[in-house]
2 protein chains.
Amino acid sequence: MGVTERRAREKEELHDRILKAASALFAEDGYASVSLRKIAERIEYAPSTIYLYFKDKDEIVTSICRQNFLLLTEALDSILVRDLPPLEMLRACLRSYIQFGLDYPDHYVVTLCLPEPAPRSDRDVHDNLSVLDVGLSAFNRLAGGLLGCMQAGVIRKADVELTAQTTWMMIHGITSLLVTKSSFPFLDRNRLIEHYLDRVLLSLGAAIVPQDPDEKIL
Amino acid sequence: MGVTERRAREKEELHDRILKAASALFAEDGYASVSLRKIAERIEYAPSTIYLYFKDKDEIVTSICRQNFLLLTEALDSILVRDLPPLEMLRACLRSYIQFGLDYPDHYVVTLCLPEPAPRSDRDVHDNLSVLDVGLSAFNRLAGGLLGCMQAGVIRKADVELTAQTTWMMIHGITSLLVTKSSFPFLDRNRLIEHYLDRVLLSLGAAIVPQDPDEKIL
DNA sequence: TTGATTTTCTGAACAGTGTTCAGTAGGCTG
DNA sequence: CAGCCTACTGAACACTGTTCAGAAAATCAA
C-alpha cells in the first residue's frame with residue numbers, strides 16, 4: 001500500500017510549510033504582522049485550510065517560539081561543554097540568555113513578556129505551561145550551573161529551586177526591558193549588562209566576581 | 001461671554017468621560033476587551049466622536065496608564081515620609097513596586113511589558129518616552145532611596161544612574177513574570193518576593209539584609 | 001471504467017477590530 | 001432670520017481570527 005504513509009507525509013509537509021511561512025513572516029516583519037491570510041497567501045492555500053493543521057493562530061506562534069527556544073538551549077549547551085570554572089560558566093550562561101533575547105526579540109517577547117491567554121479549556125492551561133516549559137528546560141541548564149557553583153563553594157548554598165527561579169526573574173528583568181523598551185535612554189548596553197551580571201552573581205553570594213573583558217555582547 | 005469657557009469645560013468633560021469609561025472597561029474585563037466601540041457605547045456617543053478627543057486608541061490607553069502610575073508614586077511617597085532606616089526604606093519601596101504590579105496587572109503590562117509601538121512620527125517617539133517617564137518618575141524616588149543608602153554607608157557606593165537602572169530592571173523582572181506568567185509553578189509568592197528582595201539588596205552590597213516579617217504582600 | 005466514499009480544500013460569511021471622512025444637526029453670531 | 005462654525009454621526013474601508021456548508025480531488029470497491 002504505502003498510500004496512507006504518503007498521505008501522512010504530505011500532511012506533515014504542509015504542516016511544516018505553514019510553520020515555515022509563518023516563521024519567515026515572523027522574522028521579516030515582526031510578530032504584529034503575522035496574519036493567517038498572509039501565511040495562506042505564501043503557501044498558496046486558502047486561509048481556512050490552515051485550520052485543518054492547527055487549532056488556532058496561537059498554536060502556530062507557540063510552535064514557532066518553542067522551536068526557536070531550542071537555539072537557546074543549544075547555546076547554553078555549547079557553554080557547558082567548555083568546562084569553564086563554575087562561576088565563569090554561570091556568568092557566560094546568563095550572558096547568553098540575554099543575548100538570545102536581543103537576537104530574537106519577537107520570539108522572546110511572545111513567549112515570556114506577553115500575558116498568557118485566558119485559558120478556556122484544560123488543554124489551554126496545559127499549552128501555556130508547555131511553552132514556559134521550553135524556556136524552563138533552557139533554564140534548567142542554568143539551574144545545573146547554579147548547583148555546580150554551590151557544590152564548588154563559590155556561591156552561597158541555598159534552595160536550588162528558589163535560587164533558580166529568582167535568578168531567572170533577574171535575568172528576565174534586563175532582557176525584557178532591553179528588548180521591549182529600546183527607546184528608553186539606557187546607559188551603554190555592555191556596561192549595563194556586565195554591571196548587571198556582577199550584581200546577579202553578587203546576590204548569589206559570589207565573593208569574587210569573575211572578570212572577562214573579552215566576552216562582549218554586540 | 002463665558003460661552004467659550006463653558007464649551008471648553010464641556011469638551012474637557014467628555015474627554016474625561018471617555019477616559020473614565022475606558023478605565024472602567026480596563027478594570028472590569030482587562031486590556032484585551034477595551035475597544036473603541038465599547039467605550040463609545042458606554043458614553044453614548046458614536047465611535048468616531050472619540051477621535052475628536054484623542055488621536056488614537058493608544059493615546060487613551062497611555063493616558064490611563066500614566067494616571068494609574070501616579071498611585072505608585074503616591075505609595076512610594078507614603079513610604080518615604082515614614083522616616084525608616086535607609087535600607088528598610090529601600091526594601092519597602094521595592095516591595096511596594098512589586099505590589100503595584102500585582103494590584104494593577106493590566107496597567108503594568110501595558111506600560112512596561114508590551115513592546116512599544118513602532119514610531120511613525122517624531123511625536124510617537126516622544127510619546128513612548130513620556131510613558132516610561134512616569135514609570136521612571138516613580139523610580140526616581142527609588143533612586144533617591146538608593147542615594148540615601150549610599151550616603152548612609154549601608155550599601156556600596158556606585159554610579160547612581162547605573163545602580164538605579166539595574167535595580168529597576170531587577171525589580172521589573174519579578175514583577176513582570178508574576179503578572180504575566182501566573183500559571184507558572186512559582187514557589188510561594190511571599191517567600192519568593194522576600195528572597196528576591198534579599199538578593200537585590202545583597203547585590204547592592206548591603207552587608208546585613210533587614211528582616212521585617214510583618215510586611216507581607218497578600 | 002464506473003460509481004461510491006472519504007479526505008482535502010475552498011469561498012463566503014460572521015463578528016469583531018482601529019480608523020477615516022463626507023455630510024448633517026444644532027447652537028452662536030452678525 | 002441667514003450664515004457660520006463646531007460637534008457629532010453613519011457608513012464605509014481595510015483589516016483581523018474563525019467557522020462551516022459545499023465543492024473538488026483522490027482513493028477504494030465493483
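The sequence lines fix the lettering, A, B, ..., with proteins before strands; numbering per chain opens at 1. Atom set for the values below is all heavy atoms of this structure, side chains included, hydrogens, waters and symmetry mates excluded. Small disclaimer: the values here were computed from a predicted structure and weren't measured.
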**Message:** So if I take the C1' atoms of five pairs at each end of the helix from C:dT1-D:dA30 to C:dG30-D:dC1 and get each local axis, what angle do the two axes make, rounded to 10 degrees?
**Reply:** 30°

**Prompt:** When the distance from NZ of B:K55 to P of C:dG18 is rounded to whole Å, what number comes out?
**Reply:** 15 Å

**Item:** Residue list, ring pair (Phe, Tyr, Trp, His ring centres under 6.0 Å) with A:F186, at least two apart or on another chain
**Value:** A:F184

**Asked** With A:E28, which residues qualify under salt bridge (Lys or Arg N to Asp or Glu O under 4.0 Å), at least two apart?
**Response** A:R42

**Item:** Donor-acceptor contact present, side-chain A:Y196 to main-chain A:M170, <3.5 Å
**Value:** yes

**Prompt:** What ring pair (Phe, Tyr, Trp, His ring centres under 6.0 Å) pairs are there with at least one residue in residues 11-51 of chain A, not counting sequence neighbours?
**Reply:** A:H15-A:F54, A:F26-A:Y31, A:F26-A:H107

**Request:** Go through residues 29-38 of chain A and report each residue with a non-hydrogen atom lying under 4.0 Å from DNA chain D, sorted by number.
**Result:** A:V34, A:S35, A:L36, A:R37

**Length of the line joining A:D56:CG and D:dT19:C1', which is rounded to integer Å** = 13 Å

**Asked** salt bridge (Lys or Arg N to Asp or Glu O under 4.0 Å) with A:R37: which residues, sequence neighbours excluded?
**Response** none

**Asked** Can you tell me how far P of C:dT19 sits from CZ of B:F54, to the nearest Å?
**Response** 13 Å

Under 3.5 Å, N/O pairs linking protein and nucleotides 8-10 of chain C:
from	atom 1	to	atom 2	distance (Å)
C:dC9	OP2	A:Y53	OH	2.5
C:dT10	OP2	A:A46	N	2.9
C:dT10	OP2	A:T49	OG1	2.4

**Message:** According to side chain to side chain donor-acceptor pair (under 3.5 Å), does anything in residues 176-187 of chain A pair up with another residue at least two apart or in another chain? List the pairs.
**Reply:** A:S176-B:H172, A:S183-B:E116

**Asked** How many Å lie between CD on B:E12 and P on D:dA7, as a whole number?
**Response** 14 Å

**Message:** Going by ring pair (Phe, Tyr, Trp, His ring centres under 6.0 Å), name the residues that satisfy it together with A:F100, two or more places apart in sequence or in a different chain.
**Reply:** A:F69, A:Y104

**Complete:** Taken in chain and number order and not counting sequence neighbours, the residues that satisfy side chain to side chain contact (heavy atoms under 4.5 Å, CB included) with B:L162 are A:L187, A:R191, A:L192, A:H195, B:D159

**Message:** Going by the rule salt bridge (Lys or Arg N to Asp or Glu O under 4.0 Å), which residues pair with B:D77 if we only count those two or more places apart in sequence or in a different chain?
**Reply:** B:R141

**Prompt:** How many Å lie between CD on B:E59 and C1' on C:dT19, as a whole number?
**Reply:** 14 Å

**Prompt:** Please give, in whole Å, the distance from D:dA7 P to B:Y51 OH?
**Reply:** 18 Å

**Request:** Check salt bridge (Lys or Arg N to Asp or Glu O under 4.0 Å) between A:E12 and all other residues, then give those that pass, not counting sequence neighbours.
**Result:** none

**Prompt:** Hey, is the main chain of A:V200 close enough, under 3.5 Å, to the side chain of A:S203 for a donor-acceptor pair?
**Reply:** yes

